Amino acid sequence: CSEHKSCSEKKHREKEKEKERLKHKEKQKEEKVDLIVPYHRVTKYNELNISLSIKVEEDTGYHHPIKHEKALKRERDEDDRYEHKPKKVKVDNEKKVKKRKQEEDDGGFEEREKPKKRTKEVKKDTTGGKKKAKNEPEEKWKWWEEEKCTDGSKWRFLEHKGPVFPPPYEPLPDRVRFHYDGKAMKLSPGAEEVATFYAKMLDHEYTTKDIFRKNFFKDWRKEMTSEEKSKITELKKCDFTEMHEYFKAQSEARKQMSKEEKQKIKEENERILQEYGYCVMDNHRERIGNFRIEPPGLFRGRGDHPKMGKLKRRIRPEDIIINCSKDSVHPKAPPGTRWKEVRHDNKVTWLVSWTEKIQGSIKYIMLNPSSRIKGEKDWQKYETARRLKKIVERIRAQYREDWRSKEMRIRQRAVALYFIDKLALRAGNEKDEGETADTVGCCSLRVEHIRLHPQMDGQDYVVELDFPGKDSIRYYNKVSVEKRVFKNLQLFLENKQAKDDLFDRLNTSILNKHLQELMDGLTAKVFRTYNASITLQQQLKELTSSDDNIPEKILSYNRANRAVAVLCNHQRAPPKTFEKSMHNLQTKIDEKKKQLSAAKKELKAAKADAKTLRDEKSKRVVETKKKAVQRISEQLMKLEVQATDREENKQIALGTSKLNYLDPRISVAWCKKLGVPIEKIYNKTQREKFAWAIDMTDEDFEF
DNA sequence: TATTTAACTTAGGAAGCCCTCA
DNA sequence: TGAGGGCTTCCTAAGTTAAATA
């Protein structure tokens with residue numbers, strides 16, 4: 001149809017324009033401008049004896065989703081275009097699935113699964129990995145234009161080379177000695193290896209922590225010979241400094257290597273990447289995310305983790321489960337070893353798994369975020385969040401209604417959901433006490449994490465939340481809530497001790513079951529995705545104008561991104577070099593100021609000369625000096641913005657929300673609409689991860 | 001129904017690469 | 001050219017959720 005035609009023409013023009021832009025952009029210097037949003041200052045919970053007194057200075061306005069009403073604009077018909085509903089070719093009924101399973105078990109898969117040739121297919125590399133030149137982009141597979149399998153299987157063919165193991169332990173040279181109680185002592189290889197793990201961490205704060213030291217020493221002793229065990233009885237008498245120095249020198253030497261040596265290592269790494277870093281999944285060569293087995297070392301739990309310092313043992317082939325197609329060339333175990341198991345389960349996405357012995361959890365090797373299998377899931381996640389958008393007002397109406405329920409469990413569920421929606425809290429599963437750090441989320445909040453203030457700072461019904469969240473990152477927020485929520489919270493707190501659960505009639509399983517009834521696929525975390533994405537979209541609309549220049553537009557983008565990071569409480573520890581780099585920047589600013597005043601003086605003098613001499617030459621000098629003043633002023637302004645910006649971003653991490661919570665199509669549409677090159681927003685890796693969004697999104701996309 | 005396990009996503013720290021500037 | 005520092009990538013811990021099991 002003509003409409004369709006004009007649509008595709010538009011798309012084509014847009015693509016041409018984009019190509020043009022891209023040519024120029026590669027060389028353009030990326031100008032990074034962030035913005036300053038006030039945020040609640042938060043630190044790691046375990047560092048915060050004093051920080052309880054650090055209060056929010058200002059209401060950021062971002063601790064609740066901003067103006068949802070505005071976002072609830074009429075749905076656009078063409079939205080369907082973006083929906084994650086790939087044409088359903090085969091809707092398998094149960095019988096078919098069973099039959100297929102049977103076929104697979106019988107090896108019946110083989111015939112069907114011989115890789116077929118396709119135009120865009122990236123063929124398996126059989127040449128040992130020599131690839132095209134870096135700059136020559138391969139034709140990328142547009143999996144998002146293909147039909148999705150709907151029978152629950154994740155792949156039909158999977159072949160890979162298995163994991164890469166860390167190199168075996170290399171004993172220390174004899175000159176590097178361990179001292180016990182002032183005396184040099186040669187350790188047995190097993191005990192020595194574990195000692196090196198500790199020695200390498202000597203500069204780290206971990207080694208000052210009692211739990212870490214205690215756990216390490218206990219596990220280390222298990223590796224000692226009986227003779228060593230009887231001699232080495234106290235950690236404080238152990239002196240690892242020689243070993244520590246040795247490793248420092250080694251890493252220094254690595255830095256000092258010649259260009260050629262470094263190049264050689266790089267090439268070797270590239271070879272390993274080409275050999276082990278890719279798999280073939282359903283006719284396509286896909287990048288693996290983490291193909292290396294975790295090396296042995298000491299467990300570094302976050303926060304006050306009761307198991308920090310315990311020994312993470314070396315993983316052997318006998319611990320490894322391989323997952324691949326029956327009809328693929330199976331990965332070979334290293335000579336003289338065998339895998340624990342080789343299985344062919346196409347209902348899961350992992351290639352390799354093993355059980356780690358500290359927490360007893362399973363670790364996996366899976367594909368890279370740019371892969372089809374991850375991308376499809378990501379896309380689907382944002383589609384679920386968009387479905388939530390359509391009914392979120394109804395859900396809000398219902399939980400508000402439920403605040404008045406006769407049943408306590410319903411009230412608790414409704415207040416918890418309100419928190420999850422308004423404050424973007426995580427679900428908050430129960431955790432094993434003593435096995436993990438004491439952290440909480442919404443459903444696991446305790447009395448001690450919340451304080452109620454009928455009045456505070458001129459606001460009514462203020463709830464003060466202060467708890468250690470995921471990764472023991474402190475969540476601190478004061479938020480004014482509705483009266484009914486406040487009254488309910490008072491009720492929930494009645495007759496409870498500090499350590500009691502706030503929501504004693506609720507857990508994540510109950511909450512998610514309820515959510516599932518409200519919308520297919522709805523869980524607590526969907527609210528985080530939804531609120532993050534809708535906040536970005538609204539902020540972008542509010543902050544950007546097409547009249548802005550590119551740096552201004554990028555500034556606005558970063559502002560919007562920061563609003564989301566604040567909402568989601570994405571923090572980082574201030575960089576170690578932060579003070580220093582701020583100091584350096586300040587020095588630069590001071591110098592620039594001096595430069596500016598000197599330039600101004602020169603301009604003044606030149607003007608005076610021009611006045612007396614009244615000739616062309618001195619007039620030209622005035623012009624030059626004027627330009628110099630202007631240039632230096634601009635440079636100074638830039639530096640000052642950079643300084644404020646860096647200060648404000650000290651504790652905020654923008655990456656996590658960008659990578660995991662913000663529908664990339666919002667950003668792509670924004671870039672296209674405002675003529676901002678996508679490279680300003682996403683780096684190469686991010687562009688690879690979001691290739692689907694970059695390819696399919698028009699400027700008029702609405703989340 | 002409660003608990004455990006498996007699978008997968010989300011997360012911040014650190015290493016190391018690479019760009020900038022003197 | 002080399003130091004400094006910012007940015008990217010890697011690493012792996014710590015969450016969520018659904019399915020399996022008791």
Side-chain angles (χ1 to χ4, degrees), chain A residues 29-30 32 44 154 166 201 203-206 251 254-256 259 262 265-266 269 273 277 289-295 297 299-303 305 307-308 312 321 323 345 347-350 353 355-356 358-369 373-374 377-378 381 426-432 435-437 439-444 468-473 507-513 515-516 521-526 528-529 532 568-573 575-578 580-582 584-585 588 591 642 646 649 651-657 659-661 683-686:
Chain A
K29 194 171 112 190
E30 278 195 26
K32 306 247 159 153
K44 285 221 175 170
K154 305 289 169 69
M201 293 180 72
D203 281 338
H204 205 287
E205 202 196 331
Y206 274 119
S251 102
R254 234 172 293 135
K255 276 182 206 158
Q256 298 303 326
K259 239 183 195 165
K262 279 184 181 169
I265 293 173
K266 210 174 168 183
N269 282 337
L273 175 71
N290 56 320
F291 55 90
R292 287 173 197 276
I293 294 291
E294 296 174 16
F299 177 73
R300 301 149 93 113
R302 302 182 191 142
H305 201 295
K307 297 194 173 175
M308 65 165 77
K312 245 177 76 167
I321 303 173
N323 192 32
D345 180 0
K347 297 283 181 286
V348 297
T349 66
W350 55 267
S353 78
T355 302
E356 61 88 33
I358 289 181
Q359 324 245 32
S361 69
I362 306 167
K363 301 265 190 168
Y364 303 93
I365 288 180
M366 290 179 187
L367 295 196
N368 184 275
I373 217 162
K374 293 288 184 186
K377 203 73 195 299
D378 211 35
K381 173 181 76 184
R426 295 188 184 84
N429 284 308
E430 286 146 281
K431 298 175 77 189
D432 296 347
E435 297 287 301
T436 53
T439 63
V440 299
C442 185
C443 293
S444 51
K470 181 176 178 180
D471 289 327
S472 292
I473 298 289
N507 61 39
T508 52
S509 165
I510 296 170
L511 179 66
N512 279 335
K513 267 194 194 115
L515 293 175
Q516 193 60 242
L522 186 61
T523 62
K525 83 189 186 81
V526 179
R528 240 167 113 79
T529 311
C568 294
N569 200 36
H570 289 144
Q571 301 185 55
R572 57 170 184 175
K576 283 201 179 85
T577 53
F578 184 81
K580 199 175 150 202
S581 88
M582 279 313 276
N584 290 348
L585 197 51
K588 268 191 192 170
E591 274 169 17
Q642 202 188 343
R646 198 178 292 174
N649 221 33
Q651 287 179 288
I652 297 194
L654 299 183
T656 306
S657 51
L659 232 47
N660 301 299
Y661 288 104
N683 67 29
K684 189 169 156 275
T685 318
Q686 292 163 340

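This one's a predicted model, so the numbers in the text were calculated from it and none came from an experiment. Residue numbers start from 1 in every chain, and the chains themselves are labelled A, B, ... in the order their sequence lines are given, proteins ahead of strands.
Atom pair Asn512(A):CG and dA19(C):P shows a separation of 12 Å (rounding to whole Å applied). Atom C1' of nucleotide dA11(B) and atom CD1 of Ile473(A) are separated by 9 Å, given to the nearest angstrom. As a whole-Å value, the separation of Asn507(A) CG from dT1(B) C1' is 12 Å. Atom C1' of nucleotide dT3(B) and atom CD1 of Ile510(A) are separated by 14 Å, given to the nearest angstrom. One interatomic measurement links the two molecules: CD1 of Ile362(A) to P of dT4(B), which rounds to 15 Å at whole-angstrom precision. Rounded to whole Å, the distance from NE2 on His204(A) to C1' on dT12(C) is 14 Å. Rounded to whole angstrom, the span from the CZ atom of Arg426(A) across to the C1' atom of dA14(C) amounts to 9 Å. For Asn683(A) and dC10(C), the CG to C1' distance is 14 Å, given to the nearest whole Å.
With no hydrogens or angles considered, a side-chain donor-acceptor pair links Arg528(A) and Tyr661(A) at under 3.5 Å. Side-chain contact annotation: Lys431(A) with Thr439(A), donor-acceptor N/O pair under 3.5 Å present. Under 3.5 Å, the side chains of Asn512(A) and Thr523(A) contain no donor-acceptor pair of N or O atoms.
Pairing each heavy atom of Asn269(A) with each of Arg292(A), the nearest pair is OD1-NH2, 4.0 Å. Closest non-hydrogen pair, Leu511(A) versus Cys443(A), comes out as CD2-SG, 4.0 Å.
Comparing dG12(B), dA14(B), dT12(C) by their nearest atom to the side chain of Arg300(A) picks out dA14(B). Closest contact between the side chain of Asn660(A) and the listed nucleotides dA11(B), dA7(B), dG15(C) involves dA11(B). Side-chain proximity of Lys154(A) to the nucleotides dC8(B), dT12(C), dA13(C) is greatest for dC8(B). Closest to the Lys525(A) side chain, of the nucleotides dA14(C), dA6(B), dT10(B), is dT10(B). Among the nucleotides dC8(B), dG12(B), dC11(C), the one closest to any side-chain atom of Arg292(A) is dC11(C). Considering only the side chain of Lys363(A), dA13(C) comes nearest among dC8(B), dG15(C), dA13(C). With dT10(B), dA18(C), dG15(C) as the choices, the nucleotide that has an atom nearest any side-chain atom of Gln516(A) turns out to be dA18(C). Of the candidate nucleotides dT16(C), dT9(B), dC8(B), dC8(B) has the atom lying nearest to any side-chain atom of Val348(A). Nearest nucleotide to the side chain of Asp471(A), out of dA18(C), dA7(B), dA11(B): dA11(B).
Checking the phosphate oxygens (OP1, OP2) of dG12(B), no side-chain nitrogen or oxygen of Gln571(A) falls inside 4.0 Å. Within the 4.0 Å cut-off from OP1 or OP2 of dG12(B), at least one side-chain nitrogen or oxygen of Thr656(A) is found. Contact annotation: Lys431(A) side-chain N/O to dG15(C) OP1/OP2 distance is under 4.0 Å.
Note on Lys312(A): only backbone sugar-phosphate atoms sit closer than 4.0 angstrom, heavy atoms only; bases stay farther off. Counting any heavy atom pair closer than 4.0 Å across all strands shown, Thr439(A) reaches sugar-phosphate atoms only and no base atom. Within the nucleic acid shown, Ser509(A) has no heavy atom closer than 4.0 Å to any nucleic acid atom. Gly428(A) comes within contact range of the sugar-phosphate backbone alone, with a heavy-atom separation under 4.0 Å but no base atom that close. Residue Phe299(A) is classed as a sugar-phosphate contact, given heavy-atom separations below 4.0 Å to backbone atoms only. Residue-level contact check: Lys381(A) touches the backbone only, with heavy atoms under 4.0 Å from sugar-phosphate atoms and none from bases. Counting non-hydrogen atoms under 4.0 angstrom, Pro166(A) reaches nothing in the nucleic acid. Residue-level contact check: Gln359(A) touches the backbone only, with heavy atoms under 4.0 Å from sugar-phosphate atoms and none from bases. Residue Gly301(A) is in sugar-phosphate contact alone, with no base atom involved, counting any heavy-atom pair closer than 4.0 Å across all strands shown.
Judged by distance alone, with hydrogens and angles left aside, the side-chain atoms of Gln651(A) form no donor-acceptor pair with the main-chain N or O of Arg572(A) at under 3.5 Å.
Ionic pairing of Lys312(A) and Glu356(A) is not present here: no N-O contact between side-chain nitrogen and carboxylate oxygen is shorter than 4.0 angstrom.
Ranked by how close their nearest DNA chain C nucleotide is to the 5' end, Gly289(A) and Ala524(A) are led by Gly289(A). Both Asn269(A) and Cys568(A) lie close to DNA chain B; mapped to their nearest nucleotides by heavy-atom distance, the more 5′-ward contact belongs to Cys568(A). Between Trp350(A) and Tyr661(A), the residue anchored closer to the 5' end of DNA chain B is Trp350(A), taking for each the nucleotide with the nearest heavy atom. Both Asn429(A) and Gln686(A) sit near DNA chain C, but only Gln686(A) has its closest nucleotide nearer the 5' end.
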